[in-house]
Amino acid sequence: MLSKQQLSFVRALHQKKFRQMYGKFLVEGDKPVRELLASGFKIDAIYSVSKWGFAKELVNNPQFEHFTVSETELERLSTLENPNQVIAVANMINRELPAPNNLTGLYLACDNLNDPGNAGTIIRLADWFGLSGVIFSENSVDIYNPKVVSAAKGSLFRVNCYYASLPGFFAENTGLPVYGTFMDGADIYSEKLSSTGIIVIGNEANGISNELLPYIQHRIAIPSFGKAESLNAGVAAGIVISEFKRRQV
């Protein structure tokens, strides 16, 4: 049976202020926890029901504690209405950006991205397409939010994610071309695209903020062939990245 202290601590990690205070976050569900176990992230504890298929592999593992819990206890620990067998407590990794003008490859920069589902999707896209990293503005969603972790489907453990003041970041890093997504930009399917660069994805409601406009060298757009007003930020990012990568094949 879980102690009140264990329950209280895990439930505290549902909130951003406690995740930041302790430098820890939750990973929920069979596949995400298996992905976590295969990653370089340090794990503090795993809480699973007895029927979890991987539980026997963790017996006497010296690297973390493993607790067998009841279905009811798992529900009390979880952020989900229907938790899937297991929850892990892992330690955050706070990555530092490479030194100015030492960036190579293709990056995404997310400007004031608020939606956890979009953030998780974008991290998963970066993993799928092999991007060099994702840079989030300082006031974007917390990548260790349980909803982001869930939407990323294990990709959070493989993708280099950073936080930065984007105006300062662009002022210091002038070696790569910067592309911004706009409704009135040039057609991405006919625009010349570089194999390296930084693609800026704006806020879901307001687009790219005015303070970043001076740093955008290429304004691009996904042409519309129907009547939809706009695209979800995660969907738009997927289309744009795919087109960049298609040119490299």
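In what follows, every heavy atom counts, from backbone to side chain, and hydrogens, waters and symmetry copies are set aside. Keep in mind that what you see is a predicted model, and the values were worked out from it rather than measured.
- Ion pairing between a basic and an acidic side chain is recognised when a charged N comes within 4.0 Å of a carboxylate O; E191 and R247 show no such pairing.
- Aromatic ring orientation, F25 versus F157: tilted (interplanar angle from 30° to 60°).
- For the residue pair L156 and C161, the shortest heavy atom distance occurs at CD1-SG, 4.3 Å.
- Both tests pass for R219 against the ring of F182: distance under 6.0 Å to the centre and angle within 45° of the axis.
- Summarising the geometry, atom CD1 belonging to I216 is positioned 8.5 Å from atom CG belonging to D111; distances are rounded to the nearest 0.5 Å.
- The two residues N160 and S132 have their closest heavy-atom pair at ND2-O, 3.5 Å.
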Practice prompt. Could you walk me through whether F9 and Y22 pass ring-ring contact (aromatic ring centres under 6.0 Å, His included), step by step?
Written response: CA-CA 10 Å; F9 178 73; Y22 297 118; 5.0 Å; yes
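- The two residues I46 and V33 come nearest to each other via the heavy atoms CD1-CG1, 4.2 Å.
- Ring centroids of F129 and F244 are separated by 6.0 Å or more, keeping the two rings apart.
- Distance check, rounded to the nearest 0.5 Å: CG of L7 to CD of E73 gives 8.5 Å.
- Counting non-hydrogen atoms of other residues, nucleotides and ligands closer than 6.0 Å to CE of M21 gives a total above 12.
- The distance from the CD1 atom of I43 to the CG atom of L37 is 4.5 Å, given to the nearest 0.5 Å.
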Practice prompt. Mind running side-chain contact (heavy atoms from CB on, under 4.5 Å) on L193 and I188 for me, showing each step along the way?
Written response: CA-CA 8 Å; L193 303 176; I188 189 173; 4.0 Å; yes
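- Within 6.0 Å of CZ in R95 there are more than 12 heavy atoms belonging to other residues, nucleotides or ligands.
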Item to complete: Before giving the answer on side-chain hydrogen bond (donor to acceptor under 3.5 Å, both in side chains), spell out for N112 and N139 the whole-Å C-alpha distance, their side-chain angles and the decisive distance to 0.1 Å.
Response: CA-CA 6 Å; N112 301 340; N139 49 358; 3.0 Å; yes
Item to complete: Check step by step if side-chain hydrogen bond (donor to acceptor under 3.5 Å, both in side chains) holds for E28 and S78.
Response: CA-CA 7 Å; E28 304 188 60; S78 180; 2.4 Å; yes
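- Atom-to-atom distance recorded for I87:CD1 and E75:CD is 10.0 Å, nearest 0.5 angstrom.
- The aromatic rings of W52 and H66 sit tilted relative to each other, their planes meeting at an angle between 30° and 60°.
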